[in-house]
Q: 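Take this structure first; my questions come after.
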There are 2 protein chains.
Amino acid sequence: MLTQNVLRNRTAEVTESERAILEKAISHTRSYAAGQTVVRQDATVGASTLLVEGLMTRHVDASDGRRHLVSIHVPGDFVDLHAYALRQLDHAVGALTDCVVAVFPHEALRRIEKQHPRLTRRLWFSTLLDAATHRQWVVRLANLNALQRVANFLCEMNARLLAIGRSDGMRFELAMTQADIGDVCGLTNVHVNRVVRQLRERELCSIRSAQVQILDPQGLARAGQFRPDYLYLNQPTASRAVGSGAPATP
Amino acid sequence: MLTQNVLRNRTAEVTESERAILEKAISHTRSYAAGQTVVRQDATVGASTLLVEGLMTRHVDASDGRRHLVSIHVPGDFVDLHAYALRQLDHAVGALTDCVVAVFPHEALRRIEKQHPRLTRRLWFSTLLDAATHRQWVVRLANLNALQRVANFLCEMNARLLAIGRSDGMRFELAMTQADIGDVCGLTNVHVNRVVRQLRERELCSIRSAQVQILDPQGLARAGQFRPDYLYLNQPTASRAVGSGAPATP
DNA sequence: CGAATAATTGACCGAAATCAATACGGGTGG
DNA sequence: CCACCCGTATTGATTTCGGTCAATTATTCG
């Protein structure tokens, strides 16, 4: 069941029959090794990618060889669905870890668009949630300091992985190097390292060999000013809003 | 003709008949004074807003009173169209300058969705372009220094205003304070001021009483690593890609 | 085991923030 | 018309956060 996690991390849960329709739209699956480019920037693409296993990035290759991350994806994410409408991508798609993806030819998506308006709407909806995540990244980068950014990012990944059953809320695998985290948070690997140490010293969380152990969920969320509602996630269990939420005197 | 600029800044130009359909979906127009909140965060909204005149922001109100900008909008932008599908907003919408907006009740949009799939697709498309702009903001914040960020932002605004006829490519009005620019670029007002001075000294551009005068378009774009293709804009005239574009050895 | 990759730590530097004071500009009201 | 005010812009002095450079230690994996 390749689509087992599709949209599962999102408020709009797909039904069983919709899942079946999606399964039929898959032309094939493919594996990628960590570091491989899945879709080259500026390529005109004829298919969209559903991530089944692993982590993928969306990034811009800078002229100096650096890689500018704009997005990270977990299993169940439709990585480049928006390419279906945009035709041309403004960024590249790559495998951050070893990955398995399911490929949806745009032709099949076009058929779905014609025949299943309800499902189509959900797919579109998921692109809007991508945009919401982008906005969270903007806030993180523009307004938080190094420690806050890393804490915030770890909370985000915890929430997203929790929604697809890849985290129990306290512990999850995150196969990213400190340099990768730096790319996400706009920091150097060296400084990420220092921040990670601080998080450990403050007993908020610890990272050891790609395992993130959250010691103080509330404290980590507070430290990262993390508000899960941003992501419009299903919260299967715990961790609702943390910092009192928006007061906003009317 | 309130919708005169709608989607005009985008690749997908609407036809005259589509414009007429949109006009009919407007329930009323409204004016807002600079600084006013148009949509409060977490409000459930029943209408979406097309900006007709002025500049609007999308932002998160932080607990410390600061305002975290995630987006800026120019005339012709459907500011919160995505709220139509999301129902609930993850951020507030505000008037940065005095504004005029056209209000589209979601009921009317629902009618359009039923009867005009082609137009519906264009509207959806415009939300994807919002996401593309978000991605550009992420890159700007994560990877550029202060001078590059401001230069990049000015190029973005120039390109977007050019597309709707509010810039001639060399000069445009930008009714933002240096503190506002700082909110966009993740900088303090003080440092924005220093950067603006540098831009003037390097003869790239000058800003005087809300008028941006671009002295060296190529140089400014280079300084800001600006690539207009990000925004999927119609380029009515000049300024195609600047820095050779993606080489990407296959 | 040994090579490569990743993490860690220290010393030093530099970009941007902070704090603080001053100048400007344009609108208001006497 | 001018004086006053308030928001904005400007500039300097100082501090701090994060980057850079460099070396060392762990891990991982073939």
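These numbers come from a predicted model, not from an experiment. Protein chains get the first letters and strands the later ones, always in sequence-line order, with residue 1 at the start of each.
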Q: Could you tell me the separation between the CG atom of A/L187 and the P atom of C/dT8, rounded to a whole number of Å?
A: 15 Å

Q: Classify A/G186 by what it touches in the nucleic acid, base, sugar-phosphate, or nothing, heavy-atom distance under 4.0 Å.
A: sugar-phosphate

Q: To the nearest Å, how far apart are B/L141 CG and C/dA16 C1'?
A: 14 Å

Q: On DNA chain D, nearest-nucleotide positions of A/R208 versus A/V190: which is more 5'?
A: A/V190

Q: Which nucleotide in the list D/dG12, C/dT9, D/dG18 gets nearest to the side chain of A/A146?
A: D/dG18

Q: From B/N143 CG over to B/N152 CG, what is the distance, rounded to the nearest 0.5 angstrom?
A: 10.5 Å

Q: Rounded to the nearest angstrom, tell me the gap between atom CG in B/L144 and atom P in D/dG18.
A: 18 Å

Q: Could you please name the option among C/dA17, C/dA16, D/dG19 that lies closest to any side-chain atom of B/T188?
A: C/dA17

Q: What about B/R194, does its side chain sit under 3.5 Å from the base of C/dT18 through a donor-acceptor pair?
A: yes

Q: Any luck finding a side-chain donor-acceptor pair between B/T133 and B/D130 under 3.5 Å?
A: no

Q: How close or far is atom P of C/dT18 from atom CG of A/N145, stated in whole angstroms?
A: 10 Å

Q: Quick one: closest heavy-atom pair of B/I164 and B/P75, and the distance?
A: CD1-O, 3.4 Å

Q: Return the minimal non-hydrogen interatomic distance between B/V45 and B/A83, and the atom names on each side.
A: CG2-CB, 3.5 Å

Q: Once you round it to whole Å, what is the distance between P of D/dT8 and CD1 of B/I207?
A: 15 Å

Q: Using atom CG of A/D180 as one end and atom P of C/dA6 as the other, report the distance to the nearest whole Å.
A: 8 Å

Q: Going by number, which of residues 196-205 of chain A have a non-hydrogen atom under 4.0 Å from DNA chain D?
A: none

Q: Would you say the ring centers of A/H91 and A/H82 fall short of 6.0 Å from each other?
A: yes

Q: Within the structure, does a side-chain N or O atom of B/Q178 lie under 4.0 Å from either OP1 or OP2 of D/dG7?
A: no

Q: For B/N189, report the nucleic acid contact type (base, sugar-phosphate, nothing); a contact means any heavy atom under 4.0 Å.
A: nothing

Q: May I have the distance from B/N193 (atom CG) to D/dT10 (atom P), rounded to whole angstrom?
A: 5 Å

Q: Expressed as a whole number of angstroms, how long is the span from A/I181:CD1 to C/dA7:C1'?
A: 12 Å

Q: Taking side chain to side chain donor-acceptor pair (under 3.5 Å) as the criterion, tell me which of B/D61, B/T57, B/D183 meets it with B/R67.
A: B/D183

Q: Taking atom CD of B/Q36 as the centre, report whether more than 12 heavy atoms of other residues, nucleotides or ligands fall under 6.0 Å from it.
A: yes

Q: I'd like a table of atom pairs between the protein and nucleotides 22-28 of chain C - only N or O on both sides, under 3.5 Å - with the distance next to each one.
A:
none

Q: Which nucleotide in the set C/dA17, D/dT20, D/dG18 lies at the smallest distance from any side-chain heavy atom of A/H191?
A: D/dG18

Q: If I take atom CG from residue B/L50 and atom OG1 from residue B/T29, how far apart are they, to the nearest 0.5 angstrom?
A: 11.0 Å

Q: Minimum heavy-atom separation for A/S167 and A/N158, please, with both atom names.
A: OG-OD1, 2.6 Å

Q: Do A/E156 and A/I72 have side chains that get closer than 4.5 Å, going by heavy atoms?
A: no

